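In what follows, a structure is listed as structure tokens, so that the remarks can point back to it.
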Amino acid sequence: MPRKFPSVVLVGRPNVGKSTLFNRITGSRRAIVAPVAGTTRDALAQGAAWRGTAFQVFDTGGLYGASEDPLHELVVRQGQRAITGADLLVFLVDGRVGLVPGDETIALELRQTGLPVVLAVNKTDDKRARAGAMEFYQLGFEPVVEISAEHGSGVGDLLDEIVKGLRAGEGLRAEGLGLNRASELAADDFDSAALSPQSSALEEISVAIVGRPNVGKSSLLNRLLKEERVLVSDLPGTTRDAIDAVLTWHRRRFRIIDTAGMRRPGRVARGGLVELVSVAGAKKAIFDADVVALLIDASAGATDQDAAIGGEADRAGRGIVIVANKWDLVKSKDADFVKKFDGELRRHMRFLDYAPILHVSAVTGERAPRVLETIDKVAASRRVRIPTPALNRFIESVTSANPPVSPGRRHVRILYAAQIGVAPPSFVFFTNVATTFHFSYERFLVNQLRDHFGFLGTPIRVQVRRRDKRGNRGGRPDR
């Protein structure tokens, strides 16, 4: 049986620096850091390693203390699940504020878990904090480590204590593992085989689930994982951090990222710092992904904002699957509804005519298995490479029946074609005179390539170069 890596859960009052410490330990910028209590909602998880020991770090939301967040109860419930599965707890306190009654309440609850606890006094880069750090010893935890999560001082000592506690517990080791490699580990569904060089043969497909707020992105991730991994609520903006999880399907390995809902730029700006950072994380997830699952609310239909998000993915050259979610709310309509819905969606997003459309319900699970199946096909198609001889035979047959034209209406001949890249598939056409094709002819060529060679769900890039008079292939490339 594959074993899980030991888990280390960060707990403490709001705004004591848990997310900053999480980012410091994992060497990432995954957790949003803002001076707003309750910024973290989902229990973020990331792999880390120190002195040959690998473990998973969980950044929990504000489990303790008063909160005006309407989702506070859900946040607490998910954080408590993380604590229940922990091997070691890091209790973070604020050295600048000093010992407060809330810290004593947390200490009492943590002792009742029976788990090993490391007490970390944060923000001790402040002289006053260092002077008052001694008062935290009365909480009764050993060891006590003074740190500054923001500047990194003392974090190495804290990691030494974490590793010591884990080795004393289960003794799980990952010899020779470096921090950068460990930071790639997911919190869920990762076993010890993932650390071995042989496991690299199992290629990972990165998938970003994107869309407007409240279209069901978190529900879809939970459905695919078959567990309540992320918070689900009718409240828009529930997801803030980009949450990722790994799953294996038919010997294919997927890293799926659930992102924050993306509103129009003006509304995002009015949403404040947390939303600005959340949307920036969603955009980064698009650029880091192999395939983007663009979720549409089937009950509302496609909107201009859906098209704008799809445009981000198209410009980034990512594979795209359009997922019409909440299909259970509309499937009882007339028999022609599917045709009408898809036709209207295609009209709204003409530039994504290559993207397959799926009709699913994340709530009921209807057609949800097709999501991974289609993503797998799209990921494969965007890496297809066509042999040059086969490509040129095909281009010759196409251009003989439909000769190219350039914007200048001059007679154009395609002399040679080659595929110069994959992910997305990219082609260069060498011609006698043109450095661009008429936009309609470029679209015609792309459609012909797609019809003949597949390229399901992936944009295709085209360059045109004029061969110089000496017979060399050159000239300025153009899109």
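Just the heavy atoms: all of them, side chains too, but no hydrogens, waters or symmetry mates, feed the values below. Remember, predicted model here, so these are calculated numbers, not experimental data.
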Legend entry - Enclosure of Arg385 CZ (heavy-atom neighbours >12, cutoff 6.0 Å): yes
Inset, instruction - Would you please test Ile25 and Val8 for side chain to side chain contact (heavy atoms under 4.5 Å, CB included) and show each step? - result: CA-CA 11 Å; Ile25 291 175; Val8 175; over 6 Å; no
Legend entry - Partner set under ring-ring contact (aromatic ring centres under 6.0 Å, His included) for His452, not counting sequence neighbours: Phe394
Legend entry - Residue pair Ile414 / Val398, side-chain heavy-atom distance below 4.5 Å: no
Legend entry - Approximate separation, where rounding is to 0.5 Å, of His438 NE2 and Phe444 CZ: 14.0 Å
Inset, instruction - State whether the side chain of Asn325 and the backbone N or O of Ala362 hold a donor-acceptor pair below 3.5 Å, judged by distance alone. - result: yes
Legend entry - Side-chain heavy atoms of Arg382 within contact of Arg318, under 4.5 Å: yes
Inset, instruction - Supply the atom-to-atom distance Phe429 CZ to Thr436 OG1, rounded to the nearest 0.5 angstrom. - result: 13.5 Å
Inset, instruction - State whether Glu344 and Lys340 are salt-bridged, where the test is any N-O pair (Lys NZ or Arg NE/NH1/NH2 against Asp/Glu carboxylate O) under 4.0 Å. - result: no
Inset, instruction - Determine whether Ser206 and Glu204 make a side-chain contact, defined as any pair of heavy atoms from C-beta on separated by less than 4.5 Å. - result: no
Inset, instruction - State, to 0.1 Å, how close Pro425 and Pro459 come at their nearest heavy-atom pair, and which atoms those are. - result: CD-O, 3.4 Å
Inset, instruction - Without swapping roles, check the side chain of Asp376 against the backbone of Leu372 for a donor-acceptor pair under 3.5 Å. - result: no
Inset, instruction - Would you give the length of the straight line joining atom CG of Leu220 to atom CD1 of Ile256, rounded to the nearest 0.5 angstrom? - result: 7.5 Å
Legend entry - Heavy-atom donor-acceptor pair, Glu366 side chain to Ser361 backbone, under 3.5 Å: no
Legend entry - side chain to side chain contact (heavy atoms under 4.5 Å, CB included) against Ala418, all qualifying residues, sequence neighbours excluded: Tyr416, Val428
Inset, instruction - Return yes if some donor-acceptor pair links the side-chain N/O of Arg413 with the main-chain N/O of Asn432 below 3.5 Å, else return no. - result: no
Inset, instruction - Go through the steps for Leu445 and Phe427 under the test side chain to side chain contact (heavy atoms under 4.5 Å, CB included), then give the verdict. - result: CA-CA 10 Å; Leu445 275 181; Phe427 299 87; over 6 Å; no
Inset, instruction - Please examine the side chains of Trp249 and Ile205, heavy atoms only from C-beta on, and report whether any two atoms are closer than 4.5 Å. - result: no
Legend entry - Neighbour count above 12 (heavy atom, 6.0 Å) for Arg370 CZ: no
Inset, instruction - Report yes if the side chains of Val378 and Asp290 come closer than 4.5 Å at any heavy-atom pair, otherwise no. - result: no
Legend entry - Taking every non-hydrogen atom, the tightest pair across His359 and Asp342: NE2-OD1, 2.9 Å
Legend entry - Donor-acceptor under 3.5 Å (His250 side chain, Arg252 main chain): no
Legend entry - Flag, side chain of Asn392 to backbone of Thr388, donor-acceptor distance under 3.5 Å: yes
Legend entry - Distance (rounded to the nearest 0.5 Å) between Ile309 CD1 and Lys283 NZ: 9.5 Å
Legend entry - Side-chain donor or acceptor of Gln419 paired with backbone N/O of Val384 under 3.5 Å: yes
Inset, instruction - Would you name the heavy atoms of Arg466 and Val433 that are closest together and state the gap between them? - result: CD-O, 3.1 Å
Legend entry - Minimum-distance pair of heavy atoms, taken over all atoms of Pro356 and Arg346: CA-NH2, 4.3 Å
Inset, instruction - Hey, could you give me the OG1/CG distance between Thr259 and Leu221, rounded to the nearest 0.5 Å? - result: 10.5 Å
Legend entry - Side chain Ser426, main chain Pro424, donor-acceptor under 3.5 Å: yes
Legend entry - Student check: side-chain heavy atoms of Leu159 and Phe55 closer than 4.5 Å: yes
Inset, instruction - Find the distance between CG (Leu225) and CG (Asp258) and round it off to the nearest 0.5 Å. - result: 9.5 Å
Legend entry - Aromatic ring pairing Phe437/Tyr441, orientation class (parallel under 30°, perpendicular over 60°, tilted between): perpendicular
Inset, instruction - Quick one: closest heavy-atom pair of Arg223 and Ala368, and the distance? - result: CG-CB, 3.8 Å
Inset, instruction - State whether the number of non-hydrogen atoms from other residues, nucleotides or ligands found under 6.0 Å of Glu396 atom CD is greater than 12. - result: no
Inset, instruction - Find out whether Phe254 and Val291 are in side-chain contact, i.e. whether some heavy atom of one side chain is under 4.5 Å from a heavy atom of the other. - result: no
Legend entry - Listed once per pair and sorted, the salt bridge (Lys or Arg N to Asp or Glu O under 4.0 Å) pairs that draw on residues 293-306, sequence neighbours left out: Arg212-Asp306, Asp297-Lys326
Legend entry - Ile320 versus Gly310, closest heavy-atom pair with distance: CD1-O, 4.0 Å
Inset, instruction - Any chance you could lay out the side chain to side chain contact (heavy atoms under 4.5 Å, CB included) test for Val210 and Val292, step after step, and finish with the verdict? - result: CA-CA 7 Å; Val210 301; Val292 169; 3.3 Å; yes
Legend entry - Flag side-chain contact, heavy atom, 4.5 Å: Lys331 against Phe337: no
Inset, instruction - Let me see the working for Met349 and Ile296 under side chain to side chain contact (heavy atoms under 4.5 Å, CB included), right down to the final yes or no. - result: CA-CA 12 Å; Met349 303 184 186; Ile296 307 291; 3.7 Å; yes
